[in-house]
Protein chains: 2
Amino acid sequence: MGEAAPLVDVWRGEMVESRHRGHAVIADARGQVIAAWGDPAAVIYPRSSCKMLQALPLLESGAGAGLSSERLALACASHKGAAIHVSRVAAWLAELGMGDADLRCGPQVPDDAPERHRLRDAGEAPCQLHNNCSGKHAGFLTLTRHLRAGSEYVEIGHPVQVAVRAAFEEMTGEASPVWAIDGCSAPNFACTVAGLATAAARMGDPSGLGATRGAAARALVDAMRAHPLLVSGVGGACSELMAAMGGRVAVKTGAEAVFLAILPERGLGVALKIEDGATRGSECAITALLARLGAIDPAAPAAARRMTPILPNRRGVPAARIAPNPALWEGGAAI
Amino acid sequence: MGEAAPLVDVWRGEMVESRHRGHAVIADARGQVIAAWGDPAAVIYPRSSCKMLQALPLLESGAGAGLSSERLALACASHKGAAIHVSRVAAWLAELGMGDADLRCGPQVPDDAPERHRLRDAGEAPCQLHNNCSGKHAGFLTLTRHLRAGSEYVEIGHPVQVAVRAAFEEMTGEASPVWAIDGCSAPNFACTVAGLATAAARMGDPSGLGATRGAAARALVDAMRAHPLLVSGVGGACSELMAAMGGRVAVKTGAEAVFLAILPERGLGVALKIEDGATRGSECAITALLARLGAIDPAAPAAARRMTPILPNRRGVPAARIAPNPALWEGGAAI
């Protein structure tokens, strides 16, 4: 695998104190690499950045016919476990005649502070509905029911995961060389950074896909852009960046510093992985690439907060700052 | 600056998902590099890893005469703001006729969960005593009083910081090329990784230092090893690693993934910096180097938890694990 390139610098005073390296690709729906940093052929786990790919079989099968765009957004979400998320996933499961016990994602302390404090004050334990992936799993359960398949829908041989793998490999254009168990217990299929960027481009420019897949891709990308708060939550990077771009671009983060962007108007997809897994690196880098593509105003608060944040110390002194490495502006092919 | 070397791998399934690169040096008190990874000449901010160096003037000046070893340990600490820390620093300041308002470190939400919950339940804001550096600052204030100097003891030209810089440069054997403001507002002087490792070796083998500095170094290193819980707190890496080594070795972490170890019995010092600033990387790497040096049993729970942790997912499945890169075992000179 080729070397990761410097993508993000953390400055303290006049010196770079820490640095995040990684791989990033801008591609089109034909799989052509428009610009790249590091190694486009680097193999990564996309983690939650590919939830919209994992949701394709839900719609293509017909299982998701009639699902609201809110629910489609939740199927693509890594949500904060706030009341707005938990209540909607609970209602979705209830309509299936199912509940928390049917999920296989495991419980998670919610990122959402009000809900976390409510649980603590009430002496309640977090449940599986609080898991950031519970919307994806509600989608898996909907497809499971449609297929009349068994209850263990996260097993690698389960019809749901067989369908997910097929869709993932077709969209990335690659046979996935390896898979592993994700934080939510679902299989996560590896691909190259270029393959992930290509899949992102195809989600936004489905002209080369069949009619069924094309409609599914459009519905999912539209749902993400229409409901940014359901995709993450108050203060979340995906929510704030999508809102700042006025719903023109869909973005999705993944654990261990993966980030993906879908630009339907440009017919482009972006995928990046920070080698060390740091979220501050992936958020800075994706924002910088969106700014480079003219998709976001780098001076917008939601962008500046991630691309060029000032890090005050405990007396409020601006002691450190994060900035994209100049290579993110100067490197890569012309676009 | 030379390239950072792979030091720590994060595995998921059969593939390395993320990787931490960095610079690490094992040196002796003469400044000889015994083993190195990455670039020994890499310039870093040592951050809190060098608090024992910053405390040397407190003792060398005579200002700290009569201070208990508990207070010396607190002067070297990045503590969790637990009751055991806050109460002792408060008592120390009270004996000086001073209090929270004399500190210049700024308030910090304590890492210690019981104290954090107590504050929330009582509706109290954290104060400067909770700052992980409040013990170091109590030492600065003790020296300030002794020198009859002004109240703004974190300013770069203040006699306390002038003395700290001199001690730091003498111990590292380098003129510090740049400084910056630390999280606690004190100046932090940069040095090379090799210089920091040399300073660590000299703290543990002060035979080449003068009598006054040698006594100060011994007192500080002995205090750290005698009171591991005061140096960090329950569950903290420094506390647990020092306890696991039976008080034979002093270790100290610093922000942005610096770690330092002082091995008096071997006359060696270790310093490392993970390039990306990730604590999971620095804790794994320092533990691996201590194991390589025979200072810690890698099977001891405190060591295994940091060197080879298994990362269960939200259903308790062991989905990922961290491990030292093989280069940490195979690379470097023979020792």
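Chain letters run A, B, ... following the sequence lines, proteins first and then strands; every chain starts at 1.
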Distance col, row A:Leu74:CG vs A:Cys133:SG, nearest 0.5 angstrom, shows 12.0 Å

side-chain contact (heavy atoms from CB on, under 4.5 Å) for A:Val16 and A:Val10? Distances and angles first, verdict last. CA-CA 6 Å; A:Val16 172; A:Val10 183; 5.8 Å; no

Nearest heavy atoms of B:Pro126 and B:Pro110, plus distance in Å: CB-CD, 4.1 Å

Indicate yes or no: at least one non-hydrogen side-chain atom of B:Val25 is less than 4.5 angstrom from one of B:Pro40. yes

With a 4.5 angstrom heavy-atom cut-off, which part of B:Val109 approaches chain A: side chain, backbone, both or neither? neither

Which pair of heavy atoms, one from B:Val86 and one from B:Gly81, lies closest together, and at what distance? CG2-O, 3.6 Å

Taking every heavy-atom pair that is under 4.5 Å apart, which of B:Gly22, B:Gly183, B:Gly106, B:Gly281 has the most such pairs with chain A? B:Gly183

For chain B, which of A:Pro318, A:Cys184, A:Ala278, A:Pro107 has the most heavy-atom pairs under 4.5 Å? A:Pro107

Checking B:Ile44 against chain A: side chain, backbone, both or neither under 4.5 Å from a heavy atom? backbone

Rounded to the nearest 0.5 Å, how far does CG of A:Leu196 lie from SG of A:Cys191? 4.5 Å

Chain A contact via B:Val43 - side chain, backbone, both or neither, heavy atoms under 4.5 Å: both

Looking at CD1 of B:Ile286 and CG of B:Leu260, how far apart are the two atoms once the value is rounded to the nearest 0.5 Å? 7.0 Å

Between A:Val164 and A:Phe189, is there a side-chain heavy-atom distance shorter than 4.5 Å? yes

Name the region of B:Ala190, side chain, backbone, both or neither, that has any atom closer than 4.5 Å to a heavy atom of chain A. side chain

What I'd like to find out is whether the side chain of B:Leu141 reaches to under 4.5 Å of the side chain of B:Leu93, using heavy atoms alone. yes

If the cut-off is 3.5 angstrom, what donor-acceptor pairs do you find between chain B and chain A?
from	atom 1	to	atom 2	distance (Å)
B:Arg12	O	A:Tyr45	OH	2.7
B:Arg12	NH1	A:Ile181	O	2.7
B:Glu17	O	A:Lys273	NZ	3.0
B:Glu17	OE1	A:Arg47	NH1	3.3
B:Glu17	OE2	A:Arg47	NH1	3.0
B:Ser18	OG	A:Glu256	OE1	2.6
B:Ser18	OG	A:Lys273	NZ	2.9
B:Arg19	N	A:Glu275	O	2.9
B:Arg21	NE	A:Glu275	OE1	2.8
B:Arg21	NE	A:Glu275	OE2	3.4
B:Arg21	NH2	A:Glu275	OE2	2.9
B:Tyr45	OH	A:Arg12	O	2.7
B:Arg47	NH1	A:Glu17	OE1	3.3
B:Arg47	NH1	A:Glu17	OE2	3.0
B:Arg104	O	A:Arg315	NE	3.0
B:Ile181	O	A:Arg12	NH1	2.7
B:Asp182	O	A:Asn313	ND2	2.9
B:Gly183	O	A:Arg314	N	3.1
B:Ser185	OG	A:Asn313	ND2	3.0
B:Ser185	OG	A:Arg315	NE	3.2
B:Glu256	OE1	A:Ser18	OG	2.6
B:Glu256	OE1	A:Arg280	NH2	2.8
B:Glu256	OE2	A:Arg280	NH1	2.8
B:Lys273	NZ	A:Glu17	O	3.1
B:Lys273	NZ	A:Ser18	OG	2.9
B:Glu275	O	A:Arg19	N	2.9
B:Glu275	OE1	A:Arg21	NE	2.8
B:Glu275	OE2	A:Arg21	NE	3.4
B:Glu275	OE2	A:Arg21	NH2	2.9
B:Asp276	O	A:Arg280	NH2	3.1
B:Arg280	NH1	A:Glu256	OE2	2.8
B:Arg280	NH2	A:Glu256	OE1	2.8
B:Arg280	NH2	A:Asp276	O	3.1
B:Asn313	ND2	A:Asp182	O	2.9
B:Asn313	ND2	A:Ser185	OG	3.0
B:Arg314	N	A:Gly183	O	3.1
B:Arg315	NE	A:Arg104	O	3.0
B:Arg315	NE	A:Ser185	OG	3.2

Using a cut-off of under 4.5 Å for heavy-atom pairs, which of A:Pro177, A:Cys105, A:Ala4 has the most such pairs with chain B? A:Cys105

